[in-house]
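As the structure lists them, so they are numbered: ligands from 1, and atoms in each ligand from 1. Positions are given from 1, in the same order as the sequence printed here.
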Amino acid sequence: MPKVVVIGAGIVGTALADELTARGFTDVTVLDRGPLFTTGGSTSHAPGLVFQTNPSRTMSAFASYTVEKFCALQHRDGWAFNQVGGLEVATTPQRWADLHRKAGWADAWGIEGRLLSPAECAELHPLVDSARVVGGFHTPADGLAKGVRAAEAQAARAIARGARFVPHTEVVGIVEKSGRVAGVRTTDGVVDADIVVCAAGFWGAQLAKEVGLVVPLVPMAHQYARTGQIAALVGRNSELSEAGLPILRHQDQDLYFREHVDRLGIGSYSHRPMPVDISTLMADTAGEPMPSMLPFTEEDFAPAWSAASELIPALSDSKVEEAFNGIFSFTPDGLSIIGEHRELSGFWVAEAVWVTHSAGVAKATAEWIVDGTPLIDVHECDLYRFEDVARSPDFIMQTSSQAFVEVYDIIHPYQFRTALRGLRTSPFYERQKQLGAFFYEGAGWERPAWFEANAELAQRLRADGLPFPERDDWSSRFWSPISIAEAHWTRERLAMYDMTPLTRYEIAGPGAAAFLQRMSTNDVDKSVGSVTYTMLLDETGGIRSDITVARLGQDRFQVAVNGPMDFDWLHRHLSDGVTLRDITGGTCCIGVWGPLARDTVQPLCPDDLSHEKFKYFRALQTYLGAVPVTMLRVSYVGELGWEIYASAEYGAALWDLLFEAGQAHEVIAAGRIAFNSLRIEKGYRLWGTDMTTEHQPAAAGVGFAVRMNKDGFIGKSALERADAPQKLLRSIIFDDPTAVALGKEPVYDGDRCVGYVTSAGYSATIGRTIAYAWLPAGIDVGDAVTVDYRGTRYAASVHSEPVVDPEMARIKR
Ligand SMILES: Cc1cc2nc3c(=O)[nH]c(=O)nc-3n(C[C@H](O)[C@H](O)[C@H](O)COP(=O)(O)OP(=O)(O)OC[C@H]3O[C@@H](n4cnc5c(N)ncnc54)[C@H](O)[C@@H]3O)c2cc1C
């Protein structure tokens with residue numbers, strides 16, 4: 001049995017010891033430099049509010065598991081979880097609309113919740129001034145966690161199975177042997193280990209750095225204050241129960257509240273970001289009993305106090321009695337970080353985890369360590385989700401600070417980072433700016449969403465009768481009706497898409513074909529010039545990625561992937577003699593698609609581009625004008641055309657060449673919104689949104705990319721054992737042409753929530769929004785469902801796929 005050392009006995013380390021020992025890894029030693037279990041870490045003073053509902057389905061599932069587990073924990077001093085419920089109030093119409101969206105997530109993720117009138121809010125929480133409130137959202141299963149008790153109770157379960165907890169033992173280094181972790185160096189000597197999990201809270205990034213690992217988190221101070229006695233609370237709660245009113249969030253003012261018997265606790269995120277320099281912190285507070293607490297900065301709290309008193313008038317008789325600036329971790333995207341160090345096997349991290357998600361994160365991490373794969377999709381928390389640029393100290397600081405500022409903000413699903421823009425631009429960037437591109441940001445890249453240059457085209461099409469349905473304010477943000485014109489024009493004539501940010505690797509060497517055969521589900525060992533769409537599965541048959549493999553030489557493949565986690569996965573499995581290289585930045589790509597694509601491109605090319613000579617799903621290395629290119633006859637938008645790749649230095653010349661040749665056919669540059677709507681019409685999935693490791697190919701509708709007669713690919717035996725899927729990814733079409741969905745909306749069969757939307761787009765081709773949704777297998781083509789979009793139910797029906805061009809006549813011509 002492997003020896004495991006967990007660094008840190010906070011809520012994460014203790015939960016992890018419990019989950020590991022429950023799975024049979026009983027040789028677990030948890031080391032903490034503080035005393036047990038009030039160690040001095042963030043858990044020791046967290047007020048412990050647990051609101052489960054999160055835009056992320058995974059984070060919500062982590063929280064729900066934490067609630068379920070904590071409710072069952074026993075502690076000699078009393079409750080570890082006090083299920084007082086959660087109440088979020090809206091004091092603005094915008095927040096009220098957003099609470100409807102939140103209620104939708106709760107339904108979609110299986111969390112009980114109800115929207116309340118102002119009077120109902122005041123009834124539930126009599127301290128709230130109902131006159132200030134537009135409405136509220138109540139979640140009865142939320143509540144208060146007592147962090148230290150929950151930690152101790154989980155530790156007790158682990159100890160009963162053989163785990164050891166050692167206080168006052170600081171880990172000062174990691175012991176390595178032949179690329180594996182071999183133990184930890186402590187102030188009391190070396191402790192051997194086969195597996196080390198760093199659960200050291202905001203100190204964890206420093207420890208990880210010791211072994212060359214960047215864990216992108218920033219320790220950030222956050223203010224928490226306790227008031228004096230509040231008359232209205234006197235006699236309501238016993239010392240034992242501490243609280244009876246729901247935990248309360250007033251997100252319009254970045255505040256939250258809980259009871260401490262007859263006092264209130266107030267947490268504020270309304271102050272400036274206060275990142276903490278860990279090196280000075282170590283020196284300043286190492287000897288303190290509570291090194292994660294800094295002195296209260298009163299001036300930062302003043303606006304919070306007046307905003308709090310407006311919502312809770314009873315505060316006017318009270319004042320702050322005890323307060324501090326507590327430290328915990330913030331990350332660039334606000335999510336946790338879990339995974340194993342690629343260069344030092346056996347070294348794991350479980351960092352930037354709130355009490356709220358702690359047991360769920362611990363369970364997933366334990367499953368990952370013990371069984372090789374977590375049962376739940378964890379890609380949003382994966383240690384290797386970050387692009388190179390996102391691991392720079394500047395990026396980590398700026399984006400984590402933004403995450404702090406936005407922690408309670410209303411975030412639109414298409415709202416992109418404003419800090420550190422313009423980091424990655426394709427060679428077409430200047431041309432795109434000239435065409436009035438509105439840029440989204442993705443993985444550091446500037447990506448045109450639409451082009452203002454096409455406004456006139458949109459007007460012309462509108463005058464010709466193409467419908468442009470009105471949209472509400474919310475769905476109109478970061479969106480333009482021009483995208484409808486761009487999509488329509490792609491189907492009718494011709495458009496150019498910048499595909500440069502599509503991540504691509506070169507996989508080469510004598511073993512490359514065999515390596516890719518083992519890694520992926522489809523047969524990729526075909527002739528030079530073949531292109532194959534295929535899946536990367538994990539051992540459970542879950543989809544880790546969908547990739548497109550172009551065989552450009554006997555031993556050389558260009559592989560289009562989804563992002564850095566693919567590099568990680570492929571790299572971990574790399575065979576001897578095979579090289580893996582990210583070639584994204586050094587190359588560029590233009591998608592030229594539409595019925596007039598061949599008429600435009602053929603005159604530029606010395607090779608025959610006819611359908612007979614250059615077939616669908618084939619690659620060709622040739623020239624366009626003087627530019628050396630690799631053309632792939634593929635189309636994510638479902639039209640005739642090619643992805644045209646070139647070395648980056650030719651990018652601008654290639655763009656000009658194609659754009660000029662396209663003028664005769666009224667070519668346009670088109671953006672991401674049009675692209676997304678076209679790919680949805682055509683039935684193409686987006687990994688990470690429509691399908692993840694929780695789904696096997698058949699359920700996700702990509703079973704066609706699996707060759708079960710191929711030997712020994714990863715995940716094959718799991719597919720052989722798999723039962724028929726209970727849920728299927730379905731395409732649904734709204735009845736009402738003005739109905740929209742942006743993703744994550746709950747889907748109902750009658751009154752019963754049966755699933756959720758993954759992605760959606762307005763289809764210019766059929767004049768309706770099409771969405772993908774995970775639905776029970778019993779719901780079939782033709783069945784009616786409804787979708788809740790921010791409180792309004794829209795009728796839709798399940799449609800056969802793909803909605804557009806099922807015969808593939810448009811592509812194969
Ligand atoms: C003011 C405040 C309010 C908060 N409110 C909430 C809330 O309402 N709800 C919520 O869900 N979350 C809340 N949080 C966040 C939450 O407290 C933390 O995210 C969580 O407790 C982190 O748990 P952890 O186990 O990762 O870290 P910690 O609790 O910090 O534990 C890490 C442990 O590692 C030990 N350690 C570190 N370095 C070493 C080393 N080198 N050797 C040995 N041991 C080491 C430390 O002593 C510590 O015990 C709040 C945080 C603060 C500061």
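Heavy-atom contacts of Gly8 reach the following atoms of ligand 1: 33 (C), 34 (O), 35 (C) (cutoff under 4.0 Å). Distances below 4.0 Å separate heavy atoms of Thr356 from the following atoms of ligand 1: 9 (N), 10 (C), 11 (O). Contact atoms of ligand 1 toward Ile7: 40 (C), 42 (N), 43 (C) (distance under 4.0 Å to a heavy atom of the residue). The contact set between ligand 1 and His45, taken as ligand atoms under 4.0 Å from a residue heavy atom, comprises 53 (C). The atoms of ligand 1 that sit less than 4.0 Å from any heavy atom of Gly10 are 25 (O), 29 (O), 31 (O). Counting atoms of ligand 1 from 1 in the listed order, those under 4.0 Å from a heavy atom of Ile327 are 53 (C). Atoms of ligand 1 lying under 4.0 Å from at least one heavy atom of Leu49, given by number and element, are 7 (C), 8 (O), 9 (N), 10 (C), 11 (O). Listed by atom number, the atoms of ligand 1 under 4.0 Å from Leu207 heavy atoms are 41 (N).
A donor-acceptor distance shorter than 3.5 angstrom exists from the side chain of Asp194 to the backbone of Lys3, with no hydrogens or angles considered. Side-chain atoms of Ser60 never come within 3.5 Å of backbone atoms of Thr53 as a donor-acceptor pair (strictly under, hydrogens ignored).
Residue contacts with ligand 1, taken as heavy atom pairs separated by less than 4.0 Å, do not involve Phe202 at all. Contact annotation for Ala199 and ligand 1: only backbone heavy atoms (N, CA, C, O) come within less than 4.0 Å of the ligand. If you look at Val353 next to ligand 1, the close heavy atoms, those under 4.0 Å, all belong to the backbone. Proximity of Trp203 to ligand 1, defined as any heavy-atom pair under 4.0 Å, is confined to the side chain (atoms from C-beta onward). No part of Val50 comes within 4.0 Å of ligand 1, judged by heavy-atom distances.
Under 4.0 Å is where a charged nitrogen must lie from a carboxylate oxygen, and between Glu242 and Arg258 at least one such pair does. Ion pairing of Glu367 with Arg23 is present here, as a side-chain N (NZ or NE/NH1/NH2) and a carboxylate O approach within less than 4.0 Å.
If you check which protein heavy atom lies closest to atom 32 (C) of ligand 1, you get Ala200 C, 3.5 Å. For atom 51 (C) of ligand 1, the closest heavy atom belonging to the protein is Phe328 CD2, 3.2 Å. The protein non-hydrogen atom at the shortest distance from atom 24 (P) of ligand 1 is Val12 CG2, 3.8 Å. With hydrogens left out, the protein atom closest to atom 40 (C) of ligand 1 is Val171 N, 3.7 Å, a heavy atom. The protein heavy atom nearest to atom 21 (O) of ligand 1 is Thr43 OG1, 2.9 Å. When hydrogens are left out, the protein atom nearest atom 3 (C) of ligand 1 is Pro47 CD, 3.2 Å; that is the closest non-hydrogen contact. In terms of protein heavy-atom proximity, atom 33 (C) of ligand 1 is closest to Asp32 OD2, 3.5 Å. The single protein non-hydrogen atom nearest to atom 13 (C) of ligand 1 is Ala46 CB, 4.2 Å, given as residue, atom name and distance.
Residues Lys69 and Glu19 have side chains in contact (heavy-atom distance under 4.5 Å, counting atoms from C-beta outward).
Considering only residues two or more places apart in sequence or on other chains, Ala156 meets the side-chain contact (heavy atoms from CB on, under 4.5 Å) condition with none of them. Residues passing the ring pair (Phe, Tyr, Trp, His ring centres under 6.0 Å) test with Phe328, sequence neighbours excluded: His222, Phe330, Trp354.
Aromatic ring centres of Tyr224 and His45 lie farther apart than the 6.0 Å criterion allows. Separation of the Tyr256 and Phe51 ring centroids does not fall under the 6.0 Å cut-off. Taking the six-membered ring for Trp and the full ring otherwise, the centers of His75 and Phe70 sit at least 6.0 Å from each other.
The closest side-chain donor-acceptor pair between Tyr408 and Arg249 falls under 3.5 angstrom. Checked by atom type, the side-chain pair Gln223/Thr297 shows a donor-acceptor distance below 3.5 Å.
Taking 4.0 Å as the cut-off, Gly48 counts as a neighbour of ligand 1 on heavy-atom distance. Taking a 4.0 Å cut-off on heavy atoms, Asn325 fails to register as neighbouring ligand 1.
Evaluated by nearest non-hydrogen atom to atom 30 (O) of ligand 1, the leading choice among Ser329, Ser42, Gly201 is Ser42.
For the pair Lys102 and Phe137, the NZ or CZ position fails the cation-pi test of under 6.0 Å to the six-membered ring centre and within 45 degrees of the ring normal.
Nearest heavy-atom pair across Ile11 and Ser358 is CG1-OG, 3.4 Å.
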